[in-house]
Amino acid sequence: MHADVDAFFASVEQRDDPSLRGKPVVVGGGVVMAASYEARAFGIHGGMGGWQARRLCPRVVVVFPRGSAYAEASKAVFEVFHDTSPVVEGMGLEEAFLDVRGMGRMAGTPEEIARRLRRMVRERVGLPLSVGVASTKVLAKIASRSAKPDGVHVVPAGGELEFLHPLPVERLWGVGPATTEKLHSLGFMTVGQLAAVAEDELVSMLGRHTGRQLAAIANNRDPRRVRAGRRRRSIGSQRALGRKKRSPAELDAVVLALVDRVSGRMRAAGFAGRTVVLRVRYRDFTRISRSRTVARPTAATATILEAARSLLAAALPDIERQGVTLLGLTVYNLDFGPGDQLALPVDDAESTALDAAIDDVRELFGTRSVTRAAALALNDRPEAPNPFEEGVGRRE
DNA sequence: TCTGGGGTCCTAGGACCC
DNA sequence: TCTGGGGTCCTAGGACCC
């Protein structure tokens, strides 16, 4: 089954502030991160500009995101998931696949399990959950969406193709704007039409991966299993900069702040990584990335900063020419394993000690209690709390 | 008053190795 | 002078998801 909290951020806000219940609510500032169902009735949806939302519904209530509240709610929801099935594959803060095969004797039919899951999330966390039940992941995922809001949708065994074939291709999980466009231009509008052509043909039109995947899905041969305990592969942070012209010093300040945040999160989570990727979005919104791989895994601010700065320096001529609207920094090639093995003597002792001291201060007094002076070079807007950062709001 | 922030996976070319 | 097949790692870009 696929379980998904309805309008997650907005539902948490309505749960915590009764005056918001029944009202159109939007979470986010410049961009809508979540919209309550009341807001969706006006045509408001995630990713939309905040001004646009207000134009569609002038009385919409805009709430600033409270990251720690969502993190806590997510944790509580996942506790219910884990109480329901031993095999849970999380897909972000608010949704997961649950493998409930072979649980009939203990827990009842999948539909009974789904209804109980919804009831428990409602009672224990106070949030509305929708659940899709089917014999494959892709169908369960589609079914949970059609179950919304606040419902269950079971695709009966044997009825998969009947459910699947009339669907428009863009309803499939994994078919986004680019593939939809391509399929439409080739005359494919429904999943049933995809099922009518050979896999080879889909592969030659869409490439190996997408072709095979769509052939499998259209014929109800989705082979994917629910995979519990997937490991994280990257840690990153990014910052949109608007359209203003930015000086090299400002960009350096942004990179510094990004490195500071990313490396801090890495140390807190016990990760070290080898590949540093700098992402740049130009003024025309095209994107490039530049990466550098170091010999040994690190989580040291100084080491990652050195790599990031060299990447920025190399990108600077193009940035000068094209203008920049976003900088991002992500560390890949993460080294897992026990945290106490990660502080290897790769990085010089002094900078490691400094990182540890700063981490401690932030742990005690809040993330923003210590800031690098150089990071103040970009002072045009207050540092927004990161919704995904633990600890924000707890000690401040 | 256009376009946030955090991720995963796949492809493809080149370097390098056996 | 030309020629195989298999593999890994790194870099860059693209599509997609929540």
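Just so it is clear, the model here is predicted, and its values are computed rather than measured. A, B, ... follow the sequence lines: proteins, then strands. Residue 1 opens every chain.
At the heavy-atom level, Leu172(A) lies under 4.0 Å from the strands shown only through sugar-phosphate atoms. Residue Val32(A) is classed as having no contact, given no heavy-atom separation below 4.0 Å to the nucleic acid. Counting non-hydrogen atoms under 4.0 angstrom, Gly30(A) reaches nothing in the nucleic acid. Lys141(A) comes within contact range of the sugar-phosphate backbone alone, with a heavy-atom separation under 4.0 Å but no base atom that close. Residue contacts for Gln52(A): at a heavy-atom cut-off of 4.0 Å it reaches no nucleic acid atom on any strand shown. Counting any heavy atom pair closer than 4.0 Å across all strands shown, Thr210(A) reaches no nucleic acid atom. Across all strands shown, Gly176(A) has heavy atoms under 4.0 Å from sugar-phosphate atoms exclusively, and none from any base. Contact annotation for Arg55(A): no contact, since no heavy-atom pair falls under 4.0 Å across all strands. Heavy atoms of Gly174(A) sit under 4.0 angstrom from primed sugar atoms or phosphate atoms, though from no base atom. Using a 4.0 Å heavy-atom distance criterion, Arg54(A) is classed as making no nucleic acid contact. When heavy atoms are screened at a 4.0 angstrom cut-off, Arg281(A) is found touching the sugar-phosphate backbone but no base atom.
Take the nearest nucleotide of DNA chain B for Gly46(A) and for Gly207(A): the residue whose nucleotide is more 5' is Gly46(A). Across the interface with DNA chain C, nearest-nucleotide mapping of Arg274(A) and Arg287(A) shows Arg274(A) to be the residue nearer the 5′ end. Place Arg283(A) and Arg227(A) on DNA chain B by their nearest nucleotides, and Arg283(A) ends up nearer the 5' end.
Take Asp318(A) and apply the side-chain contact (heavy atoms from CB on, under 4.5 Å) test, not counting sequence neighbours, and it matches Tyr282(A), Arg321(A). Shown here are the side-chain contact (heavy atoms from CB on, under 4.5 Å) partners of His82(A), two or more places apart in sequence or in another chain: Phe78(A), Val88(A).
Nucleotides of DNA chain C that come within less than 4.0 Å of any heavy atom of chain A span, from the 5' end to the 3' end, dC10(C) to dC18(C).
For residues 124-180 of chain A, the set of pairs meeting the ring pair (Phe, Tyr, Trp, His ring centres under 6.0 Å) definition, not counting sequence neighbours, comprises Phe97(A)-Trp173(A), His153(A)-Phe163(A).
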Below 3.5 Å, can you tabulate the donor-acceptor pairs from side chains in residues 196-219 of chain A to any protein atom, sequence neighbours excluded?
{"unit_1": "Ser204(A)", "atom_1": "OG", "unit_2": "Glu201(A)", "atom_2": "O", "d": "2.9"}
{"unit_1": "Asn219(A)", "atom_1": "ND2", "unit_2": "Ala215(A)", "atom_2": "O", "d": "2.8"}

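In the model, Thr301(A) has a side-chain atom that pairs as donor or acceptor with a side-chain atom of Arg267(A) under 3.5 Å. Residues Arg283(A) and Thr325(A) have side chains that never bring a donor and an acceptor to within less than 3.5 angstrom of each other.
The residues Glu250(A) and Lys244(A) are annotated as not salt-bridged, no charged nitrogen and carboxylate oxygen being separated by less than 4.0 angstrom. Asp222(A) and Lys137(A) are not joined by a salt bridge, as no carboxylate oxygen comes within less than 4.0 angstrom of a charged side-chain nitrogen. With salt bridges taken as basic N to acidic carboxylate O contacts below 4.0 Å, none links Glu112(A) and Arg116(A). Of the charged side-chain nitrogens involved, none lies within less than 4.0 Å of a carboxylate oxygen, so that Asp335(A) and Arg274(A) do not count as a salt-bridged pair.
The same atom, P, is picked in dC18(C) and in dT3(B); the two are 23 Å apart, to the nearest Å.
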task = Any chance you could encode DNA chain C as dot-bracket? Rule is Watson-Crick or G-U wobble with both distances under 3.5 Å; [ ] for pairs crossing earlier ones, | for another strand.
result = ....||||||||||||||

